[in-house]
Protein chains: 2
Amino acid sequence: MHKLLLDHIQKFIHLEPSEIETLESCLDVCKIKKKDHVLIEGQICNTMYFIVKGCLRQYIINAKGSEQTLQFGIENWWITDYLSYLNHVPTHFYIQAVENSEVIALEKSTLEAILLEIPKLERYFRIVSQKSFGAAQMRIKFLFTMSAEERYHHINSQFPEFVQRVPQYMLASYLDFSAEFMSKIRSGKV
Amino acid sequence: MHKLLLDHIQKFIHLEPSEIETLESCLDVCKIKKKDHVLIEGQICNTMYFIVKGCLRQYIINAKGSEQTLQFGIENWWITDYLSYLNHVPTHFYIQAVENSEVIALEKSTLEAILLEIPKLERYFRIVSQKSFGAAQMRIKFLFTMSAEERYHHINSQFPEFVQRVPQYMLASYLDFSAEFMSKIRSGKV
DNA sequence: TTTATTTCTTGAAGTAGTTCAAGTTTTTTA
DNA sequence: TAAAAAACTTGAACTACTTCAAGAAATAAA
């Protein structure tokens with residue numbers, strides 16, 4: 001089932017049938033069990049993951065030993081550590097499945113080969129990463145301008161299904177406040 | 001003086017002399033005076049700016065009416081609002097020169113034409129935006145894991161010249177604390 | 001130079017969040 | 001279906017920061 005990725009690509013560029021075939025031959029869907037990691041701090045990240053089904057998250061372990069989620073990825077998103085990937089340096093991050101998930105894991109060497117064969121895919125990855133960067137800028141804006149309570153209500157009104165989908169403590173850390181405080185916001189005790 | 005941009009591009013891809021010529025014919029350096037804006041909240045962002053000389057920043061005005069800097073750009077960086085640029089929607093941001101600066105302003109229509117003529121530039125922009133996204137991820141990590149004091153000392157040890165280069169209150173908002181608190185950190189009164 | 005503007009500093013009072021610890025509920029595993 | 005593990009809740013004490021207000025210093029403009 002690479003259809004999802006092919007459709008996603010074709011939202012941004014047009015592919016010839018032969019190119020679709022080439023692509024399909026390089027891609028494999030693989031399953032990742034809930035809580036399994038595809039990247040661990042200190043490793044070099046050599047793979048980009050396209051999420052076909054499920055949910056992954058990127059997180060760090062802070063000085064106090066607790067996890068903080070920096071980013072979630074769901075269906076139709078790419079997730080990776082671009083800095084580690086591009087510069088071939090050890091990553092600062094963990095990437096883990098939040099649910100049982102299916103991803104297309106694209107190795108750097110495979111991707112480079114595909115890009116040589118189908119150069120117009122550069123355009124696809126260019127647009128996708130520009131959008132991701134734009135989203136990261138908006139995320140920083142929200143973190144800077146809203147109070148904890150506002151951040152919770154904002155995500156809850158924009159993405160109510162998503163809020164139900166992930167554990168509260170992960171969402172709390174993603175919104176940069178404690179799980180306890182989240183609990184108080186939800187019960188109106190703040 | 002497009003040499004800086006051409007050099008930057010050629011760090012990532014190889015250009016033929018003819019391509020360099022094509023490119024040069026499309027580019028113009030323009031000057032932006034300190035405090036002038038190249039983007040104002042509500043406008044649609046149609047331009048990417050490559051900074052040849054000087055410093056620009058992206059900021060917002062928060063609910064209390066004060067400015068918060070989300071991003072700085074210096075020599076060899078691109079600055080724009082990618083979401084507004086790609087989706088043709090009004091921007092949430094201001095982009096302003098912090099110093100008298102020189103930039104290469106690349107209009108969307110010009111860029112699209114250049115990309116058709118020199119498709120391998122897609123690769124350049126792909127890599128640049130992936131790096132930017134990686135940097136944004138690291139920025140979120142620092143904001144999440146370090147205290148205000150740690151963030152100040154970190155930037156001060158990593159980029160001491162830069163810390164001297166911009167007003168303290170702008171840097172404070174970039175690091176997400178108040179100008180007053182920055183002053184106290186610096187004088188050791190915290 | 002003088003004046004105006006911008007930037008930086010300082011202390012006092014306030015607050016939006018954290019931390020801890022213990023208990024409860026829900027989900028998963030055997 | 002029992003037991004274990006994971007996730008959520010609650011209140012009390014604390015703290016890393018903010019806000020305000022006023023003045024001092026530095027920079028830019030006239």
Side-chain angles (χ1 to χ4, degrees), chain A residues 32-37 54-55 57 59 61-69 72 94 96-101 142-156 162-190, chain B residues 33-37 54-55 57 59 61-69 72 96-101 142-156 162-190:
Chain A
I32 306 169
K33 278 222 281 276
K34 184 171 172 174
K35 305 223 169 174
D36 278 1
H37 288 87
C55 178
R57 66 168 180 147
Y59 70 93
I61 296 184
N62 66 21
K64 282 156 208 139
S66 52
E67 300 171 358
Q68 290 192 269
T69 300
F72 288 105
Y94 296 82
Q96 182 195 44
V98 176
E99 310 168 352
N100 290 328
S101 303
F142 289 128
L143 288 169
F144 274 26
T145 56
M146 293 181 178
S147 69
E149 210 179 342
E150 288 168 336
R151 295 198 295 277
Y152 172 72
H153 290 310
H154 181 265
I155 201 166
N156 203 33
F162 182 73
V163 170
Q164 297 308 315
R165 192 170 167 179
V166 297
Q168 259 178 61
Y169 74 93
M170 281 188 199
L171 192 64
S173 77
Y174 177 74
L175 296 175
D176 201 21
F177 47 73
S178 68
E180 292 92 337
F181 196 64
M182 175 115 166
S183 187
K184 285 162 194 169
I185 292 172
R186 281 165 49 96
S187 62
K189 285 178 186 155
V190 49
Chain B
K33 278 221 281 274
K34 184 172 172 172
K35 305 220 169 181
D36 278 0
H37 288 86
C55 178
R57 66 169 178 146
Y59 71 93
I61 296 186
N62 67 20
K64 283 157 205 136
S66 52
E67 300 171 359
Q68 289 192 270
T69 299
F72 288 105
Q96 181 196 46
V98 176
E99 310 168 350
N100 291 329
S101 302
F142 289 128
L143 289 170
F144 273 27
T145 55
M146 294 179 177
S147 69
E149 210 178 341
E150 286 167 338
R151 295 198 295 277
Y152 173 72
H153 290 310
H154 182 264
I155 201 167
N156 203 34
F162 182 74
V163 171
Q164 297 308 316
R165 193 170 166 180
V166 298
Q168 256 177 62
Y169 72 93
M170 280 188 200
L171 193 65
S173 77
Y174 177 75
L175 297 175
D176 201 22
F177 48 73
S178 68
E180 292 91 336
F181 196 63
M182 174 115 168
S183 188
K184 283 161 196 171
I185 292 172
R186 282 166 48 96
S187 63
K189 287 179 185 155
V190 49

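All chains are named by letter (A, B, ...) in the order of the sequence lines, taking the proteins before the strands, and each is independently numbered beginning at 1.
Atoms OG1 and CE, on A:T69 and A:M170 in that order, are 6.0 Å from each other to the nearest 0.5 Å.
If you measure from atom CZ of B:F144 to atom P of C:dT18, you get 11 Å, rounded to the nearest angstrom. The distance between atom OH of A:Y152 and atom C1' of C:dG17, rounded to the nearest whole Å, is 17 Å. Protein atom CG of B:N62 is 13 Å distant from nucleotide atom C1' of D:dT19, rounded to whole Å. Per the geometry, CD belonging to A:Q164 stands 14 Å off C1' belonging to D:dA7, to the nearest Å. Rounded to an integer number of Å, the gap from B:D176 CG to D:dA16 P is 16 Å. Separating the CD atom of B:Q96 from the P atom of C:dT6 is a distance of 12 Å, rounded to the nearest angstrom. Atom NZ of A:K35 is separated from atom P of D:dA7 by 4 Å (rounded to the nearest Å). The nearest whole Å value for the distance from the CG atom in B:L175 to the P atom in D:dT18 is 11 Å.
Remark on the helix from C:dT1-D:dA30 to C:dA30-D:dT1: inter-end axis angle 60°, axes from five-pair C1' superpositions, rounded to 10°.
A:S183 is linked by a side-chain contact (heavy atoms from CB on, under 4.5 Å) to nothing, counting only residues two or more places apart in sequence or in another chain. Every residue two or more places apart in sequence or in another chain that forms a side-chain contact (heavy atoms from CB on, under 4.5 Å) with B:E149 is listed here: B:S147, B:H153, B:I185, B:V190. With sequence neighbours excluded, the residues satisfying side-chain contact (heavy atoms from CB on, under 4.5 Å) with B:K33 are B:D36, B:N100.
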Polar atom pairs (N or O), protein with nucleotides 26-30 of chain C, under 3.5 Å:
from, atom 1, to, atom 2, distance (Å)
C:dT28, OP1, A:K34, NZ, 3.4

Taking only N/O atoms, report every protein-nucleotides 8-15 of chain D pair under 3.5 Å with atom names and distance.
from, atom 1, to, atom 2, distance (Å)
D:dC8, OP1, A:Q168, N, 3.1
D:dC8, OP2, A:Q168, N, 2.8
D:dC8, OP2, A:Y169, N, 3.1
D:dT9, OP2, A:Q168, OE1, 3.0
D:dT9, OP2, A:S183, OG, 2.9
D:dT9, O5', A:S183, OG, 3.1
D:dT10, OP1, A:K189, NZ, 3.0
D:dT10, OP2, A:S187, OG, 3.4
D:dT10, OP2, A:K189, NZ, 3.0
D:dT10, O5', A:K189, NZ, 2.9
D:dG11, N7, A:K184, NZ, 3.2
D:dG11, O6, A:K184, NZ, 3.4
D:dA12, N6, A:K184, NZ, 3.3

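An OP1 or OP2 oxygen of D:dA16 is reached within less than 4.0 angstrom by no side-chain nitrogen or oxygen of B:S147.
Using cut-offs of 30° and 60° on the angle between ring planes, the pair B:Y59 and B:H37 is tilted. Ring pair B:F142/B:H154 is tilted by interplanar angle, where 30° to 60° counts as tilted.
The shortest heavy-atom contact between A:L143 and A:L175 is CD2-O, 4.0 Å.
Looking at heavy atoms from C-beta onward, A:Y174 lies out of side-chain contact with A:V166 at the 4.5 angstrom threshold. Proximity of A:D176 to A:R151: side-chain heavy atoms (C-beta onward) are separated by under 4.5 Å at one or more points. Residues A:F144 and B:S173 fail the side-chain proximity criterion, which asks for heavy atoms closer than 4.5 Å.
A:F177 and A:Y152 have their aromatic ring centers separated by at least 6.0 angstrom.
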